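Predicted, not measured: the structure shown is a model, and the values here were computed from it.
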Amino acid sequence: MTLANYDLVVVGGGPGGYVAAIRAAQLGLKTALVEKAQLGGVCLNWGCIPTKALLRSADILRLVKDAGRFGVQVAAPQIDLATMVKRSREVAGQLQSGVTYLMKKNKVTVIAGHARLAGGGKLNVTTADGVSALSAKHIILATGARARPLPGLTPDGESVWSYREALMPKRVPKHLVVIGAGAIGIEFASFYHALGAKVSVVEMAERVLPVEDEDISRHVGDALRKQGMQLYLGSRLTSSSKRSSGGGSGAEWTLQLDGQHKESLTADVVLTAAGIIGNVEELGLEATAVKIDRSHIVTDAYGATGEPGVYAIGDVAGAPWLAHKASHEAVICVEKIAGLNPHTLDVTKIPACTYSHPQVASVGLTEAQAKAGGRKVRVGKFPLAVNGKAIALGATGGFAKVVFDDASGELLGAHMVGEEVTEMIQGYTIARELESTEAELMETVFPHPTVSESMHEAVLAAYDRALHI
């Protein structure tokens, strides 16, 4: 078996893996990337990108239904589910082809196969043609994560879905029960509700989007209920049973809930979205000093594991499970390997976005987290209901909220809910990175009329200086 030698081998071709390979090639490292499925990983092929394409279809459907309010008369819209799915796959395919091009452009050797550590800087890669051996001074594991399975609810493509099945539906469910009210669950709940499904959401926590600021969660929960969704919060699934619904129409699931809601739910489709687990199996880790904590690889601030020359980045290295976190970890890890002096990643400066209806975006500490850390805080909120551009758009639901340290004026956190807030949170993210205080933010000129003006007004409100409320 011929041994191919590299400076770096990256295992996994998602947003962490392929970015690591590109940065390594830029720095002159001879690099190979091993991917057993598709370049781009889950995010590009089965997560971030295709879901946003579907959610865009839902947004357009809502807008067309509401067109009369804007003086535009249109016929009642018809849902073409097959075209929605086809477009989402085409969007993912286009970007996947782009990653393939970037690998060629940067002269990264791409190997389609499954890699397993063999010790001493070596890997055995199982491909369609057999097993080949690679040797590398450095190995980065970027194998990602997968949906956490729920007992008795194994995805079958018919009546039990994971995110993969939800991305390629053949029909719109009559009644969809979503298990899990995190970002993935709420995004799919928004999509299928827009398409006309009855949607129920079951969540063990007391609120939807439980990692978000409580004010944000409360607003989203109220908005979802107003849209007609049923929320079963503080509840957990205790048992499930499947039966034929008769008439060739598939199966129905009966779910028993405990907690605040002791009752049964009957649905034709159950979507499991209750967390993820790291892909640490079949990597050969058992013969190394790599440590695993709750299915994730333990690393230092630069991605190094307990095994010399082995690193881990992205979802497999733990929360937050975000593509942009993985990409930044990739750059940091590779630059450290190359002998540079990269910054370390402060997770409180990583923005998070949920592309539901309404959208949610945040960065930094919640109000509760800041107070729990012993901070005396100043909090400012500004509603979109009095923002000129939001009123013109007919999108007045939501608000911007900021949390400042009372003593220093440091921006500790920012939280937004409403129309296209995911496109605005980067302003607060930059402010966090630059360690801006309320003074700089107050002096910043925001364009008028924009929804982003609400960001400025929220800062002013924290210091009792809001001008438009």
Side-chain angles (χ1 to χ4, degrees), residues 205-222 301 319-320 322 324-325 328 343-354 358-388 390 396-418 421-448 450-469:
E206 301 297 325
R207 52 197 176 96
V208 300
L209 301 178
V211 301
E212 297 291 345
D213 185 270
E214 290 187 22
D215 287 343
I216 297 290
S217 291
R218 187 179 306 110
H219 180 92
V220 173
D222 290 345
L322 300 167
H324 43 285
K325 173 255 196 183
H328 275 265
H343 68 284
T344 56
L345 192 60
D346 180 350
V347 296
T348 71
K349 295 178 180 177
I350 301 174
C353 297
T354 302
Q359 290 187 7
V360 172
S362 61
V363 64
L365 303 179
T366 66
E367 180 180 353
Q369 288 170 338
K371 290 179 177 177
R375 304 262 198 164
K376 183 180 178 182
V377 300
R378 280 183 172 269
V379 176
K381 290 176 65 176
F382 190 82
L384 298 187
V386 292
N387 173 271
T396 54
F399 58 87
K401 175 178 178 178
V402 288
V403 182
F404 287 95
D405 180 87
D406 183 59
S408 67
E410 177 190 359
L411 176 64
L412 300 177
H415 312 275
M416 305 177 70
V417 57
V421 295
T422 56
E423 293 292 339
M424 294 187 286
I425 194 63
Q426 47 80 23
Y428 284 138
T429 302
I430 293 171
R432 284 275 297 148
E433 184 63 35
L434 296 178
E435 299 181 353
S436 299
T437 66
E438 89 289 356
E440 288 92 359
L441 291 169
M442 285 182 183
E443 292 169 4
T444 301
V445 179
F446 284 70
H448 174 80
T450 62
V451 180
S452 67
E453 288 177 281
S454 62
M455 300 167 65
H456 188 234
E457 289 276 5
V459 174
L460 294 174
Y463 290 85
D464 302 316
R465 291 178 53 180
L467 298 171
H468 291 90
I469 190 173

S.K.: State whether R375 and E410 are salt-bridged, where the test is any N-O pair (Lys NZ or Arg NE/NH1/NH2 against Asp/Glu carboxylate O) under 4.0 Å.
M.R.: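 A salt bridge is present here (some side-chain N lies under 4.0 Å from a carboxylate O).
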
S.K.: Does R218 offer a backbone N or O that forms a donor-acceptor pair with the side chain of R207 under 3.5 Å?
M.R.: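 The answer is no, because no donor-acceptor pair under 3.5 Å joins these two groups.
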
S.K.: Sequence neighbours left out, what passes salt bridge (Lys or Arg N to Asp or Glu O under 4.0 Å) with K325? Give chain and number order.
M.R.: E329

S.K.: Any side-chain heavy-atom pair from V459 and F446 closer than 4.5 angstrom?
M.R.: no

S.K.: When you measure from the side chain of Y428 to the backbone of M455, do you find a donor-acceptor pair of N or O atoms at a distance under 3.5 Å?
M.R.: yes

S.K.: Has the side chain of E457 got a donor or acceptor atom that lies under 3.5 Å from a matching backbone atom of L467?
M.R.: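 A pair under 3.5 Å: yes.
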
S.K.: Indicate the atoms forming the closest heavy-atom contact of A370 with L412, along with that distance.
M.R.: CB-CD1, 4.0 Å

S.K.: Search all heavy atoms of T422 against all heavy atoms of I425 and return the closest pair with its distance.
M.R.: O-CG2, 3.9 Å

S.K.: For E367, does its backbone N or O pair with a side-chain atom of D213 as donor and acceptor, under 3.5 Å?
M.R.: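 The answer is yes, because a donor-acceptor pair under 3.5 Å joins these two groups.
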
S.K.: Quick one: does H324's side chain have a donor or acceptor within less than 3.5 Å of a partner on P351's backbone?
M.R.: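 Such a contact is found between H324 side chain and P351 backbone.
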
S.K.: Please check this pair: side chain of H456 against backbone of M442, looking for a donor-acceptor N/O pair closer than 3.5 Å.
M.R.: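 At least one qualifying donor-acceptor pair exists.
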
S.K.: Taking all atoms of both residues into account, what is the closest heavy-atom pair of G418 and L384, and its distance?
M.R.: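 Heavy atoms of G418 and L384 come nearest at CA-CD1, 4.1 Å.
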
S.K.: Does the side chain of K371 come within less than 4.5 Å of V377's, by heavy atoms?
M.R.: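 A side-chain contact under 4.5 Å exists here.
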
S.K.: Please report the shortest heavy-atom distance between F382 and A458, naming the atom on each side.
M.R.: CB-N, 3.8 Å

S.K.: Hey, does the side chain of R378 reach the backbone of A462 with a donor-acceptor pair shorter than 3.5 angstrom?
M.R.: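 Judged by distance alone, yes, a pair lies under 3.5 Å.
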
S.K.: Under 3.5 Å, is there a donor on one side chain and an acceptor on the other for E212 and H415?
M.R.: no

S.K.: Are V220 and V417 packed together at the side-chain level, in the sense that at least one heavy-atom pair is separated by less than 4.5 angstrom?
M.R.: yes

S.K.: Looking at every non-hydrogen atom in both residues, tell me the closest pair between T344 and A301 and how far apart they are.
M.R.: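 Heavy-atom minimum between the residues: CG2-CB, 3.7 Å.
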
S.K.: Has N387 got a side-chain atom pairing as donor or acceptor with T450's backbone, closer than 3.5 angstrom?
M.R.: yes

S.K.: Does a donor on one side chain sit under 3.5 Å from an acceptor on the other, for E440 and T437?
M.R.: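 Looking only at side-chain atoms, T437 and E440 do form a donor-acceptor pair, the distance falling under 3.5 Å.
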
S.K.: Do you know which two heavy atoms are closest between A414 and V402, and how far apart they sit?
M.R.: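 Minimum heavy-atom separation between A414 and V402: CB-CG1, 4.2 Å.
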
S.K.: Under 4.5 Å between any side-chain heavy atoms of S436 and L411, yes or no?
M.R.: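 Side chain of S436 against side chain of L411, heavy atoms only: no contact under 4.5 Å found.
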
